[in-house]
Amino acid sequence: MQELRLLCWAVLLGLAQACPEPCDCGEKYGFQIADCAYRDLEAVPPGFPANVTTLSLSANRLPSLPEGAFREVPLLQSLWLAHNEIRVVAAGALAPLGQLRSLDLSHNLISDFAWSDLHNLSALQLLKMDSNELTFIPRDAFRSLRALRSLQLNHNRLHALAEGTFAPLTALSHLQINDNPFDCTCGIVWFKTWALTTAVSIPEQDNITCTSPHVLKGTPLNRLLPLPCSAPSVQLTYQPSQDGAELRPGFVLALHCDVEGQPAPQLHWHIQTPGGTVEITSPNVGADGRALPGALAAGGRPRFQAFANGSLLIPDFGKLEEGTYSCLATNELGSAESSVNVALATPGEGGEDALGRRFHGKAAEGKGCYTVDNEVQPSGPEDNVVIIYLSRAGGPEAAAVGGGAPGRQPPGLFLLGQSLLLLFLTSF
């Protein structure tokens, strides 16, 4: 029995002192250290003792860090991986290391990094990612790193930084971010302001320079002159401007999204109809209404025609096109959105509009409407119900009416032939 106990202890002792063959493991200054540096390794070797707190894999030939690469060493506090050939750090490679305090990934080729793994490393105090191929950092990449004191991102390929990227780093005292090819547009202005006012030490600020636009190439960010920047604003109206696009026969709905902002915002339409959702990046047609190259209906006329000037034309508007039409404008400083609900009804029929309001026969009952000779008219600019007249078969007399000229319909109304239809547009 005694011999069996001794054998068990021997086995346990051997397991406790196990170490991958290429590495050296031992205790130093109270830390359990595994030294695998300069071993020409091409993968993280298995077989580490579970109590290892410091692991050095520097100066090897590791090409990547796969999921679970450090599952055997959950107690790690320091992990050194500098001077390898790492290109990819997969999701789940670093996430198990909840006690990690120091992480060195510098001098690699990392372009694909699982930023979400950092959300688990709340004890991290030092993060070295300099001298890699990083081009992008998500806005929330550092959201859990409230203990981080030193961050090194210099010598990467970062072109931009999302506003607020460093806001969660309340303990940060040192940031190195020089020698990145920054685009000195409106999106970088926030970082210039933050760098000039923060108490964080940022060395080599003269090497935090612009690469583009060309006229600013080489300009230190801290000497960048003020730029004319503004976040997007949008106004969605029912008075179209179609750049000469012809109003074709059939039911026609035209909306116009007036967009302002600097730099010029990108316009996007989101259309929710009974048949589903349609997403359009404007423009998808030229001034003649024909689809641009690369569009789904290239050379033809799409069901929803988004023009470069902000107009959206639906040449064959019917029940299937009822729904919510939203225009979204986005630039480096943010986004803005405006929407309108559209419902169609034919004369002589009762029913509800898109908001559930009842209407009857040839007249619509509801806020902002009155009747004149059985025609429904908007009663003032404050009204949130707009009536548009459309023709099922517009002839040569069809025209888009605007501007309240004598003998014409009020602005924003379309008179295309003799048939009367009601479109309820409710802005919100």
Side-chain angles (χ1 to χ4, degrees), residues 37-38 56-65 78-90 93-94 100-118 121 124-142 145 148-169 171-185 187-196 198 200-214 216-224 332:
Y38 296 96
S56 176
L57 286 159
S58 298
N60 281 291
R61 297 171 57 194
L62 303 180
S64 64
L65 297 178
S78 299
L79 178 57
W80 311 107
L81 291 156
H83 295 282
N84 275 278
E85 300 171 7
I86 300 170
R87 296 177 182 273
V88 177
V89 178
L94 302 173
L100 199 64
R101 296 184 181 181
S102 300
L103 175 59
D104 186 358
L105 288 162
S106 64
H107 297 278
N108 278 283
L109 302 168
I110 300 172
S111 59
D112 186 355
F113 183 76
W115 294 100
S116 59
D117 273 23
L118 295 182
L121 308 187
L124 201 63
Q125 298 179 7
L126 168 67
L127 177 56
K128 298 179 67 175
M129 301 187 73
D130 54 291
S131 302
N132 277 286
E133 303 288 327
L134 298 173
T135 61
F136 171 73
I137 300 176
R139 186 190 303 270
D140 67 344
F142 307 127
L145 306 187
L148 194 70
R149 297 179 182 178
S150 180
L151 175 61
Q152 298 183 22
L153 294 166
N154 49 298
H155 293 91
N156 274 283
R157 296 183 179 274
L158 299 174
H159 291 272
L161 294 168
E163 185 169 358
T165 296
F166 306 118
L169 305 179
L172 191 66
S173 60
H174 177 265
L175 171 65
Q176 199 152 351
I177 200 169
N178 52 281
D179 294 282
N180 278 285
F182 285 119
D183 296 329
C184 287
T185 57
I188 204 69
V189 171
W190 78 269
F191 177 65
K192 172 197 170 183
T193 303
W194 180 84
L196 291 174
T198 184
V200 176
S201 172
I202 306 177
E204 298 190 55
Q205 290 204 29
D206 283 346
N207 290 327
I208 306 175
T209 60
C210 306
T211 297
S212 65
H214 184 73
L216 296 176
K217 187 174 183 178
T219 302
L221 190 60
N222 57 7
R223 300 179 198 170
L224 187 65
E332 299 173 30

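Note that the numbering runs from 1 along the sequence shown for the chain.
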Please step through side chain to side chain contact (heavy atoms under 4.5 Å, CB included) for the pair V89 and N108, ending with a clear verdict.
-> CA-CA 11 Å; V89 178; N108 278 283; over 6 Å; no

Under the side chain to side chain contact (heavy atoms under 4.5 Å, CB included) criterion, do L216 and F182 qualify, and how do the steps go?
-> CA-CA 10 Å; L216 296 176; F182 285 119; over 6 Å; no

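Looking at heavy atoms from C-beta onward, L79 lies in side-chain contact with L94 at the 4.5 angstrom threshold. You'll find the side chain of N222 stays beyond 4.5 Å of the side chain of I208, heavy atoms only. Contact check for L81 versus L65: side-chain heavy atoms found under the 4.5 Å cut-off. Under the 4.5 Å side-chain criterion, counting only non-hydrogen atoms from C-beta, R149 is in contact with S173. Within the 4.5 Å cutoff, no side-chain heavy atoms of N154 are placed close to those of I177. Looking only at side-chain heavy atoms (C-beta outward), P220 and Q205 stay at 4.5 Å or farther from each other. Within the 4.5 Å cutoff, no side-chain heavy atoms of C184 are placed close to those of T219.
Checking E332 against T185 by side-chain atom types alone, a donor-acceptor pair falls below 3.5 Å.
Taking each heavy atom of L145 and L169 in turn, the nearest pair found is O-CD2, 3.3 Å. Between V200 and L172 the shortest heavy-atom distance is CG2-O, 3.4 Å. The shortest heavy-atom contact between W190 and T165 is CH2-N, 4.0 Å. The shortest non-hydrogen separation linking N84 to L62 is OD1-N, 3.1 Å. Closest approach of D104 to K128, counting heavy atoms only: OD1-CB, 3.5 Å. The minimum heavy-atom distance between T211 and P181, with the atom names listed, is OG1-CA, 3.0 Å.
Taken to the nearest 0.5 Å, the CG atom of L153 stands 11.5 Å off from the OG atom of S106. Distance check, rounded to the nearest 0.5 Å: CZ of R61 to CD of E85 gives 6.0 Å. Residue L134 holds its CG atom at 4.0 Å from CG of N156, rounded to the nearest 0.5 Å. Atoms CG and CG, from N180 and L221 in turn, are 11.5 Å apart once rounded to the nearest 0.5 Å. With rounding to the nearest 0.5 angstrom, the OG1 atom of T135 is 9.5 Å from the CZ atom of R157. For the atom pair OG of S102 and CG of L124, the computed distance is 7.0 Å after rounding to the nearest 0.5 Å.
With respect to I86, the side-chain contact (heavy atoms from CB on, under 4.5 Å) criterion is satisfied by exactly one of L57, I110, L109: I110.
Side chain of D206 to backbone of E204: no donor-acceptor contact under 3.5 angstrom is found.
Not counting sequence neighbours, H155 has no partner by the ring pair (Phe, Tyr, Trp, His ring centres under 6.0 Å) test. Residues passing the salt bridge (Lys or Arg N to Asp or Glu O under 4.0 Å) test with K192, sequence neighbours excluded: none.
Ring geometry for F142 against F166 counts as parallel: the plane angle stays under 30°, on a 0 to 90° scale with 60° as the upper cut. Using cut-offs of 30° and 60° for the angle between ring planes, the F113 and W115 rings count as perpendicular.
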